[in-house]
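Both ligands and their constituent atoms are indexed starting at 1 by order of listing.
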Amino acid sequence: MGHKSLATIIALQRKTTNIRNLCILAHVDHGKTTLADSLVASNGIISSRLAGKLRYLDSREDEQIRGITMKSSAISLHFPLGMNEYLINLIDSPGHVDFSSEVSTAVRLCDGAIVIVDAVEGVCPQTQVVLRQAWLENIRPVLVINKIDRLIVELKLTPQEAYIHLKKILEQVNAVTGTLFTSKVMEERAEKESEKQGPYENSGGEQIYDWSAGLEDTDDSHLYFSPDQGNVVFASAIDGWGFSIHQFAQIYSQKMGIRVEVLLKTLWGDFYLNAKAKKIMKGAQSKGKKPLFVQLVLDNLWSLYDAIVMKRDKEKVEKMVASLGVKVAARDLRHSDPKVLLSAVCSQWLPVSQAVLTMVCEKLPSPLDVASERVEKLMSVGARRFDSLPERTQELKKAFLECSNEDAAPVIVFVSKMFAVDSKALPQNKQRPLTQEEIAQRRELARQRHAERLAANQVSENPESAHTGGIAETAPSIGENSTGGSGLSAEMEVLKSEPDKEESKEHFVAFARVYSGVVRRGTKVFVLGPKYDPAQALKMLPEGCSSADALPSVPHMSCCTLDSLYLLMGRELEELEEVPSGNVLGIGGMEEWILKSATISTSPACPPFTPLNFEATPIVRVAIEPKHPSEMPRLVKGMKLLNQADPCAEVLIQETGEHVLVTAGEVHLQRCLDDLRERFAQIEISASKPIIPFRETVIRRPKVDMVNEELGKQQKVAVIHQSKEEQYKYPEGVQVDSSGLVTLTTPNKMATIGVRAMPLPEEVTQLLEANGSLIRTMEQFSLSMKEGKALEINQRTLESIQDFKGKLESHLQGRKWRDAVNRIWSFGPRRCGPNLLLNNLESYQRPSVWQCLEGERVPGTALRDFDNSIISGFQLATLSGPMCEEPLMGVCLSVERWDMKLPSLGSHQDSMDGEEKVSDGDSKQKAAQEPWGAAEAYGSHNKRWPDVSVDCYGPFSGQLIAAMKEACRHAFQHQPQRLMAAMYTCEIMATAEVLGRVYGVLSKREGRILQEEMKEGTDMFIIKAVLPVAESFGFADEIRKRTSGLASPQLVFSHWEK
Ligand SMILES: Nc1nc2c(ncn2[C@@H]2O[C@H](COP(=O)(O)OP(=O)(O)OP(=O)(O)O)[C@@H](O)[C@H]2O)c(=O)[nH]1
Ligand SMILES: [Mg+2]
């Protein structure tokens, strides 16, 4: 990039009001990257001839080959509008579901978004997802309806039909927004009402619509997309044109002498031109007249396409070109491909970059317009109440709102992902293409040297001449090309001394945004992990300390120096000295401190930002091994790098020592494997077939006997299972009674546990699945209570918990479930999964999991000893079931017996009758919380039960955990067991001709059709189906092949099915 434009951008970075941070969002293939090309071309970074063909922001080779974007990438553009010059930080995001985590990382850094919708396909599943994501992050969207050319050329609609079609698309998009908006209004109203003291006061009818107080600054006009609001552009990114009705209003106000304001209101909608009366009238539809939009806008476009593409009418084209006042090169006029001429004409007449960027600058907010609501959301992690944060933390809200780039303002930066770049791509090492002047200069220099050398050669052989002769015109040495100018960075020194070793090294750049203050090179900052707690840290750190001081170590906080800052320019990076507030930037050298995302600040009071909302569930797992076993260390290193470079891939080492990669889908898996092979590990690897995920569950025992001939298919299977189960030999020490209660005693015979397994009603399982985050909040609350401090949970979350509890109660009815909800001991696995542990012990009371709802709070309630061992045993049992070590789902494990037979231990035991014991000491409770380390805790602090805590069978709490786990497993095995398969939903769009083939592929793969409907205004059918994940591999490819690429499904994980 030229020095001039770099300087322009640096200058613009300080004008916060003129900055727009935005991302392009859409369903896959709706034209995001193509549109980005036109915007990039408007800055001269690529030639406008190549715009739309190059897909400049798809810089990876596999992105170019497959034609889909896989990583989001950013570029900074400048755009003059009227008297102002704007800085546009643009992020292009992928549309494929597998990469939706990349969308989350992009959306977090932006204030606005361009949502693109394909004019033929309309609103697709990912369109809804991205609209929701934009909504959840409180960023403002504008709309581009793209590929209008397809309506003309492919669907061959008339302008009138196209107008109706476009109106429908707008309705669809607005319907999605409408749903989001209503749910939010409802929520806020509920919250406001609960904040008022009495729920019965103020519930008069007229209050119902009075939600304005919470939303006074959310003017709802921007919520809906409408051309007359100026937030819709109609475009064909590939042909380079686009317009909002403002442009046409301008054109026709001059031509027809109608005021611009009038045209703006009437160009879209049911208005028509009454030529006789020279008036614009309402009611075009009822009177059968052409709406203005058709007459003044679409008709013109259609006739242009007709003349250039369909009829190739040279004369007409020339006339039109002349009347539009555009200049077309002679070779474009003669070009054999009419599209070349078309885009030459259209991109001058209605340049898409102009239309889109004008809309962006006018309709999207600057970083200064950040809403207070968004700030609070970003700052308060999870369910925490904003006003429960430390005072100094709350004060930082002001810094967010001011977005100040004064030196005194605290620095706050959020890193949403880490991305890997080749060391060659770093600006320090890059061989930049030279500007014209530089080339001329160098040519001159080389000429001089050449002349000198010739002269020298004539005199004598000079050893230096060989050296100078090596300099080529276009390949300057690194030093000459350094953009920093003032000396080389430390990294460069290393690079120079060890070029070979460094070449293959991956560098990570943090994808970030400055929310407050100015980031400078060399600034010392705190790096805060997602679990950092400012309240805890402020207590530990001295008052007024800074990151430059020597500080005690605080959990989830580290200090580091920012050593390189970059301007992100698509494929390139430019080095920067400082980046002021409100800008998107790259930060180098953070890989040691940041794994995937982090918050960076100069103030220790800064809270970590709320975690990103990831929409995709990583579900496709493969085991990976190197081709040559000796290369294992490289694989391990490579997988570590991959884990860091991908927001959503997970890397696990299983107990068996297998290295497992978990990805969001097949395409994502392929990309991860390619990355590992070619980049991070650089070795040959082999990947197993995808490991199909299952869940294990139990079902109700069928109430039929074996001779009943009327058995359904399902029941027959159950009976076969049952008879198998009867043969199942329980190991010694495990007793099962006729009702299914499994009892088991610890090896040291001190404790006996009785557990029963029951299937949970399906609705309950679903509820548990859907409310994972609430359960986690409850768990956090219980933990904080144990530690003696109560977490402040915000009202909205409390209400959701109450609601959740109510729903559980309503589904757990009947004698079997009496009071079950209040007897919940834990959720599992991982303390938040879809299984329940019930406390059905008569004699044992423990604090309920619903503590946070109970008004009276008794911190540090003493639990019975080893309460935690029971929970841990349950967690282990639910994490991997007895059938194939997969997690359990929909299982209720009820503890019905828990006896502790304690040996008489002399004086301390007088309070116990050998059966029951209630904890009083903290140390034992601690021991119970850390089951595996319990022996030490007992040994050193508490001599009361030396022979109970540890014996030849190991620590007692450990024995109890193992016994509980075994009891759960046997109880599970006593019931009729089932495996649940993971299911995808997919939406396939196909034309009538290929419909049959789509059905063929679906049924071969055991897919089930849920719905089939005709897409309005097109000849496409939309088929919604569910498909087992196990059958899905290669599905998308097969569909594409069988339909010659006409249908391509998107698979989204949906649910588990028995
Ligand atoms: N007819 C027509 N085709 C277009 C238009 N814009 C883009 N395309 C084509 O649509 C395809 C997808 O375009 P991309 O820009 O890669 O789409 P994308 O939204 O970036 O796709 P992902 O990044 O994979 O989600 C390409 O073949 C483009 O040539 C348009 O305005 N009209
Ligand atoms: Mg793309």
Suppose I only count heavy atoms of [X] and a 4.0 Å limit; which atoms of ligand 1 are within that range?
{"X": "H30", "result": "19 (O)"}
{"X": "R55", "result": "16 (O)"}
{"X": "S236", "result": "31 (O)"}
{"X": "I68", "result": "24 (O)"}
{"X": "G95", "result": "22 (P), 25 (O)"}
{"X": "R150", "result": "1 (N)"}

**OP:** Decide side-chain hydrogen bond (donor to acceptor under 3.5 Å, both in side chains) for Q354 and S42; before the verdict, give the C-alpha distance in whole Å, the side-chain angles of both, and the deciding distance to 0.1 Å.
**Re:** CA-CA 8 Å; Q354 189 75 24; S42 74; over 6 Å; no
If you have a sec, work out which protein heavy atom is nearest [atom] and how many Å separate them, to one decimal?
{"atom": "atom 31 (O) of ligand 1", "value": "A237 N, 2.9 Å"}
{"atom": "atom 10 (O) of ligand 1", "value": "K147 NZ, 3.1 Å"}
{"atom": "atom 18 (P) of ligand 1", "value": "K32 N, 3.4 Å"}
{"atom": "atom 17 (O) of ligand 1", "value": "G31 N, 3.3 Å"}
{"atom": "atom 23 (O) of ligand 1", "value": "T69 OG1, 2.5 Å"}

**OP:** May I ask which of T34, V28, I152 has a heavy atom nearer to atom 14 (P) of ligand 1 than the others do?
**Re:**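 Looking at heavy atoms only, the winner is T34.
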Subject >> V144, N146, D118, T33: member with heavy atom nearest to atom 6 (N) of ligand 1 >> reply: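 Comparing heavy atoms across V144, N146, D118, T33, the nearest one to atom 6 (N) of ligand 1 lies in N146.
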Pair [X], [Y]: side-chain N/O donor-acceptor within cut-off below 3.5 Å:
{"X": "Q126", "Y": "S100", "value": "no"}
{"X": "H27", "Y": "E121", "value": "no"}
{"X": "D239", "Y": "S343", "value": "no"}

Original post:
For atom 27 (O) of ligand 1, is some protein heavy-atom partner under 4.0 Å away?
Top reply: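 False for atom 27 (O) of ligand 1.
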Subject >> Donor-acceptor contact present, side-chain E362 to main-chain L357, <3.5 Å >> reply: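 Looks like no, no N/O pair under 3.5 Å.
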**OP:** Assess T34: does it contribute an N, O or S atom lying under 2.8 Å from the Mg ion (ligand 2)?
**Re:**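 Checking the Mg ion (ligand 2) against T34, no N, O or S atom falls under 2.8 Å.
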Original post:
Is the distance from the Mg ion (ligand 2) to the nearest N/O/S atom of S93 under 2.8 Å?
Top reply: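 Checking S93: none of its N, O or S atoms is under 2.8 Å.
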If the threshold is 4.0 Å, N to carboxylate O, is there a salt bridge linking [X] and [Y]?
{"X": "R60", "Y": "D62", "answer": "yes"}
{"X": "D674", "Y": "R679", "answer": "no"}
{"X": "E1013", "Y": "K1024", "answer": "no"}

**OP:** May I ask whether A26 has any heavy atom positioned less than 4.0 angstrom from an atom of ligand 1?
**Re:**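 Under 4.0 Å: no for A26.
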Subject >> Residue portion contacting ligand 1 (non-hydrogen atoms closer than 4.0 Å) for D29 >> reply: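 Both the backbone and the side chain of D29 come within reach of ligand 1.
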Original post:
Given that the side chain starts at C-beta and the backbone is N, CA, C, O, which of these parts of E154 lies under 4.0 Å from ligand 1, counting heavy atoms, or is it both or neither?
Top reply: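 It is neither part, as no heavy atom is under 4.0 Å.
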**OP:** Kindly confirm or rule out a cation-pi arrangement of R1005 over F1035, judged by NZ or CZ under 6.0 Å from the six-membered ring centre and within 45° of its axis?
**Re:**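 Checked: cation-pi criterion not met.
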Original post:
Within 45° of the six-membered ring axis of Y86 and under 6.0 Å from that ring's centre, is NZ or CZ of R20 located there?
Top reply: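 No, R20 does not lie over the aromatic ring of Y86.
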Original post:
Does D149, backbone or side chain, put an N or O under 3.5 Å from an N or O of ligand 1?
Top reply: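 Checking ligand 1 against D149, an N or O pair does fall under 3.5 Å apart.
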Subject >> Heteroatom distance test (I238, ligand 1): nitrogen or oxygen, under 3.5 angstrom >> reply: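 Yes - when backbone and side-chain N and O of I238 are compared with those of ligand 1, one distance drops under 3.5 Å.
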**OP:** Report, as yes or no, whether the 6.0 Å neighbourhood of atom CZ on R621 holds more than 12 heavy atoms from other residues, nucleotides or ligands.
**Re:**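 Result for CZ/R621: enclosed.
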**OP:** Determine whether more than 12 heavy atoms belonging to other residues, nucleotides or ligands lie under 6.0 Å from atom CD of E61.
**Re:**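 No, because the 6.0 Å sphere around CD of E61 holds 12 heavy atoms or fewer from other groups.
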Subject >> Step-by-step side-chain hydrogen bond (donor to acceptor under 3.5 Å, both in side chains) determination, T33 to T69 >> reply: CA-CA 8 Å; T33 314; T69 306; 2.9 Å; yes
